Student: 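My questions all concern the structure below.
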Number of protein chains: 2
Amino acid sequence: MSEAGSRPTLEAVAARAGVSRATVSRVVNGGDGVREPLAERVRRAVEELGYVPNQAARSLVTRRHDAVAVVIAEPETRVFADPFFALQLRGISKELTTHDNQLVLLLTEGRDDHARVGRYLAGGHVDGVLVFSLHLDDALPALIQGAGIPTVFGGRPGWSSDDDGAVYVDSDNRGGARAAVRHLVGLGRRRVAHIAGALDQTSAVDRLDGYRDVLPGADPRLIAEGDFTPAGGERAMRALLERCPDLDAVFAANDLMASGALRVLRERGRRVPGEVAVVGFDDMAPLAEQTDPPLTTVRQDIEEMGRLMARLLLGRLRGGPGEAAGGTAAGVVLSTTLVRRASA
Amino acid sequence: MSEAGSRPTLEAVAARAGVSRATVSRVVNGGDGVREPLAERVRRAVEELGYVPNQAARSLVTRRHDAVAVVIAEPETRVFADPFFALQLRGISKELTTHDNQLVLLLTEGRDDHARVGRYLAGGHVDGVLVFSLHLDDALPALIQGAGIPTVFGGRPGWSSDDDGAVYVDSDNRGGARAAVRHLVGLGRRRVAHIAGALDQTSAVDRLDGYRDVLPGADPRLIAEGDFTPAGGERAMRALLERCPDLDAVFAANDLMASGALRVLRERGRRVPGEVAVVGFDDMAPLAEQTDPPLTTVRQDIEEMGRLMARLLLGRLRGGPGEAAGGTAAGVVLSTTLVRRASA
DNA sequence: TTGAAAGCGCTAACAA
DNA sequence: TTGTTAGCGCTTTCAA
């Protein structure tokens, strides 16, 4: 913390400690093979000078950056309307921090940004990348896989996952949906409707599949596609009530749509859960507890998903590039839990 | 995109184009002072080889990184419970992207992380930093200012802002609060209560000040401190009803607390807005439209705040370090607008 | 165990 | 206008 102006270099530390640059470098990078008295002298010099290694110089020779990019591809604003994103980032950040890696955030909106992201990743600025891409038709994931940089996806990618060794972390959407619907059936409900999410997203598809697992012969009119928004939930609920006035339960593919459904039910004078039981998905932070009545829903541990993604990626980075081709697990699926509140 | 293995260097491009490294460098960095036919040859070589500059090598000599850190200091989870954070990031990201800068995200929780962040920033990995710190007693902002790296704050910092040239961007919390309270007064309300936010945050203090601007002689019992959460809003509302059963309006310092207040009012059988009018603050995405009744609230343009922060920082980076000392505007305040819905 | 020296890929004087 | 050259600060053989 002395020497105003430019920061001290290895050279300066070496001079002060009376050793060679190589020795300082060794001490700074773990200190293997340096005798204790010397190492101590170096450490003191580092301390006194306030030396911090120049990462650019280091990367230039090691070709490592100790940095990971996080790509969030979401043309729509949905991601920003719920805390999902923030929680994942927090999980990722914690894990990266633990391993002294930096997080470079790449937000994209639309095709124009794809080229930019592709260029950045191919440019070798980061050691690996974590990708969130919700839509099946999104070109970005393929583009990134093409860049030949270690990648872990958040959420099951749209293409068949055994395609290439695409590694991903996802919630057990299907299992969670099954638990939700089983709960409703266990409550004695006989006409259980489903408000699906936008079916161009694997999470929506998986939740619908879970519903079907439990009710394979369900009346197709009991299924309405929403878009994960409250307004979409309202629309779907209205359509369902029109088609099937006798429905006695609704499983909505997320809490936002469930809240819309609740509003419509209230407006139509249907008591919840008396006449219609409602279950959501996500256990979205402020919302689920504050609907009227509070929402029974399926909780997923978002932060843990983030942490796991980072852990997987760092593992691949350490393990060398060969692992992808090997028999590594392609997907890791996190379990979900049903949180019971008043709506079902 | 040929030459498997390591990526092509300047040298390779130079060889292929039959020129010197310096010429290639010039073309790659804008091409000033290179005659057209030559420049074209270089461009083609770059294209053919799929050359991407090595940022580490470049930074090593230029001492610039074209990267900006964003520090979000929030030990509590509040930030993650609303989309504030995500919207700011989006604004920041857009602006940085436009100017070819990268975004390095630093999330901190508690003191332990402070040292890490300080070290990182002092380490000269990024050209500047954007800091969000909500609490008055947070040590981080001072630490960062000490690191001697160009900084822009999100939200008015706690210390007196003319202290040092601390640059910040904030919403017009005070003005927004005034508008909210004036609206209630204009509705003919005579007993207007205020549920304040956590008063260790400048935004809460500023909103309370705005309330007092309009109602300088307000009964102190009409003011209750909350903590920006729905539960806090409930508690505050209960206390207010106890102390002042005759209140006919409430201005809550954010929408989350307003939603809690609404719940308590409903539970107590007070009609909104008939008997008690309610106004919130934030216009928080899904929530404000979905309370019952929908919330009249003060909207702030969060994304624009982010964009502006980035713009200010980049301006300082270009303008050289001298600008801080000069007469640069210390704070930029964004206006707010009252959004009228059914609650007031 | 320590030091000397080469070189990572690039930019920026300076010369031609 | 173009090329030559000297580093930027670090890691890493290789020798001692």
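Lettering of chains follows the sequences in order, A, B, ..., and the numbering in each one begins at 1. Computed from a predicted model, the values in this text were never measured in an experiment.
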Student: Suppose we screen for salt bridge (Lys or Arg N to Asp or Glu O under 4.0 Å). Which residues come up paired with B:Arg119, at least two apart in sequence or across chains?
Tutor: none

Student: Using atom types as modelled and distance alone, determine if a side-chain donor or acceptor of A:Arg156 lies under 3.5 Å from a backbone N or O of A:Tyr168.
Tutor: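 Flag not set: sc A:Arg156 to bb A:Tyr168 has no pair under 3.5 Å.
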
Student: Within the 4.0 Å limit for protein heavy atoms, which parts of nucleotides 11-16 of chain C are touched? Write it as a string from 5' to 3', B for base, S for sugar-phosphate only, - for none.
Tutor: BB----

Student: Can you name the side chain to side chain contact (heavy atoms under 4.5 Å, CB included) partners of B:Arg44, sequence neighbours left out?
Tutor: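 In terms of side chain to side chain contact (heavy atoms under 4.5 Å, CB included), with neighbours along the sequence ignored, B:Arg44 is linked to B:Glu40, B:Glu48.
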
Student: How would you list, by chain and number, every residue that makes a side chain to side chain donor-acceptor pair (under 3.5 Å) with B:Ser20, sequence neighbours excluded?
Tutor: B:Thr23

Student: If a pair satisfies side chain to side chain donor-acceptor pair (under 3.5 Å) and one of its residues is in residues 64-73 of chain A, list it, with sequence neighbours excluded.
Tutor: A:Arg64-A:Asp66, A:His65-A:Asp127

Student: State, to the nearest 10°, the angle formed by the axis through the first five base pairs of the helix from C:dT1-D:dA16 to C:dA16-D:dT1 and the axis through its last five.
Tutor: 30°

Student: Using the test side chain to side chain contact (heavy atoms under 4.5 Å, CB included), find all partners of B:Pro53 that sit at least two apart in sequence or belong to another chain.
Tutor: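 B:Pro53 satisfies side chain to side chain contact (heavy atoms under 4.5 Å, CB included) with B:Val28, B:Tyr51, B:Arg58 only.
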
Student: What pairs with A:Ala15 under side chain to side chain contact (heavy atoms under 4.5 Å, CB included), at least two apart in sequence or on another chain?
Tutor: none

Student: Name all residues meeting the side chain to side chain contact (heavy atoms under 4.5 Å, CB included) criterion together with B:Ala39; count only those two or more places apart in sequence or in a different chain, and write none if there are none.
Tutor: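 Per chain and number, B:Ala39 pairs via side chain to side chain contact (heavy atoms under 4.5 Å, CB included) with B:Val27, B:Val34, B:Glu36, B:Arg43.
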
Student: A:Thr9: what forms a side chain to side chain donor-acceptor pair (under 3.5 Å) with it, not counting sequence neighbours?
Tutor: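 Checked A:Thr9 against side chain to side chain donor-acceptor pair (under 3.5 Å); zero matches.
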
Student: For a 4.0 angstrom threshold against heavy atoms of chain A, report the outermost contacting nucleotides of DNA chain D in 5' to 3' order.
Tutor: D:dG9 to D:dT12

Student: Under the salt bridge (Lys or Arg N to Asp or Glu O under 4.0 Å) definition, can you give me all pairs with a residue in residues 19-29 of chain B, not counting sequence neighbours?
Tutor: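 Only B:Glu11-B:Arg21 qualify under salt bridge (Lys or Arg N to Asp or Glu O under 4.0 Å).
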
